[in-house]
Amino acid sequence: MKVNEQIGGGVYMCSAFRNYINALLKCGSFGGKTPAKRMGGLRKEHSNLEMICYLPLPESPKSEYESVEYHVKMIMFRRFPNLSHIGNDHFGFKTNRYEHKALVEFYCQQAMKIAIAYCDMYGIKHGEVIYPNYKKIGVHYG
């Protein structure tokens, strides 16, 4: 069995690693490919994104992993009023160089907790949250 056949889909969180004042997070989903391949596609659009974490949903069809993604976005915006909605699936927030890493980690952990709670509520099978090492070569602060 190929690696991408083991993963039905999933939900991920990415961060823009060069923005420290106007920070940016991206919440998204993937299916039919590995998270690494999804990250490769994202980097064609956003050169400074790195995947912070993802929740694999190994048996989920597109309708399920997309519903998890949209639920995470909705709850994040309701729960954290300091997040602004940018485009379709980006969260923006103000920070500084010293607080950036901790805030990104906090928001990503909260997003994964929301995703897991939703999956548990609706009986969607999920794996453990994975923190991959898909770091892009370049300047990383913090």
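Nothing here was measured: the structure is a model prediction, and the numbers come from that model.
Aromatic rings of Phe91 and Tyr107 (six-membered ring for Trp) have centroids beyond the 6.0 Å cut-off, not under it.
Taking all atoms of both residues into account, the shortest heavy-atom contact from Tyr65 to Gly8 is CE2-O, 3.6 Å. Nearest heavy atom pair, residue Leu49 against residue Ala16, reads CD2-N, 3.8 Å.
Atom-to-atom distance recorded for Phe80:CZ and Gln110:CD is 4.5 Å, nearest 0.5 angstrom. Here the CG-NZ distance, from Leu55 to Lys113, works out to 14.0 Å after rounding to the nearest 0.5 Å. Separation of atoms NZ (Lys33) and CZ (Arg38) is listed at 6.0 Å; rounding is to 0.5 Å.
In this structure, the side chains of Cys14 and Tyr12 come closer than 4.5 Å at one or more pairs of heavy atoms. Contact check for Cys53 versus Ile130: no side-chain heavy atoms found under the 4.5 Å cut-off. Contact annotation: the side chain of His126 never approaches that of Val11 to less than 4.5 Å [non-hydrogen atoms, C-beta and beyond]. Using a 4.5 Å cut-off on side-chain heavy atoms (C-beta onward), Pro35 and Met51 make contact. Looking at heavy atoms from C-beta onward, Asp89 lies in side-chain contact with Glu69 at the 4.5 angstrom threshold. Within the 4.5 Å cutoff, no side-chain heavy atoms of Tyr70 are placed close to those of Tyr118. When side chains are defined from C-beta on, Ser15 does not count as touching Leu24, because their heavy atoms never get closer than 4.5 Å. Between Ile116 and Ile114, the closest side-chain pair of non-hydrogen atoms is not below 4.5 Å.
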**Verdict with supporting geometry, Val129 and Tyr131, side chain to side chain contact (heavy atoms under 4.5 Å, CB included)** = CA-CA 7 Å; Val129 176; Tyr131 294 85; 3.6 Å; yes
**Request:** Please step through side chain to side chain contact (heavy atoms under 4.5 Å, CB included) for the pair Asn88 and Lys73, ending with a clear verdict.
**Result:** CA-CA 10 Å; Asn88 182 44; Lys73 291 181 207 177; 4.2 Å; yes
**Prompt:** Yes or no on side chain to side chain contact (heavy atoms under 4.5 Å, CB included) for Leu25 and Met13, after CA distance, side-chain angles and deciding distance?
**Reply:** CA-CA 7 Å; Leu25 292 172; Met13 291 295 291; 4.2 Å; yes
**Request:** Could you walk me through whether Ile124 and Ser60 pass the side chain to side chain contact (heavy atoms under 4.5 Å, CB included) test, one step at a time?
**Result:** CA-CA 7 Å; Ile124 300 170; Ser60 291; 3.4 Å; yes
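If you check the side chains of Lys94 and Asn82, you find no donor sitting under 3.5 Å from an acceptor.
Put simply, Met112 and Met121 are part of the same group of oily side chains (I, L, V, M, F, W, Y) that touch within less than 4.5 Å, one to the next. Under the 4.5 Å side-chain heavy-atom criterion for ILVMFWY residues, no single connected hydrophobic cluster contains both Ile86 and Ile21.
No more than 12 heavy-atom neighbours from other residues, nucleotides or ligands sit within 6.0 angstrom of OH on Tyr122.
Under the ring pair (Phe, Tyr, Trp, His ring centres under 6.0 Å) rule, Phe77 has a single partner from His90, His71, His85, which is His85.
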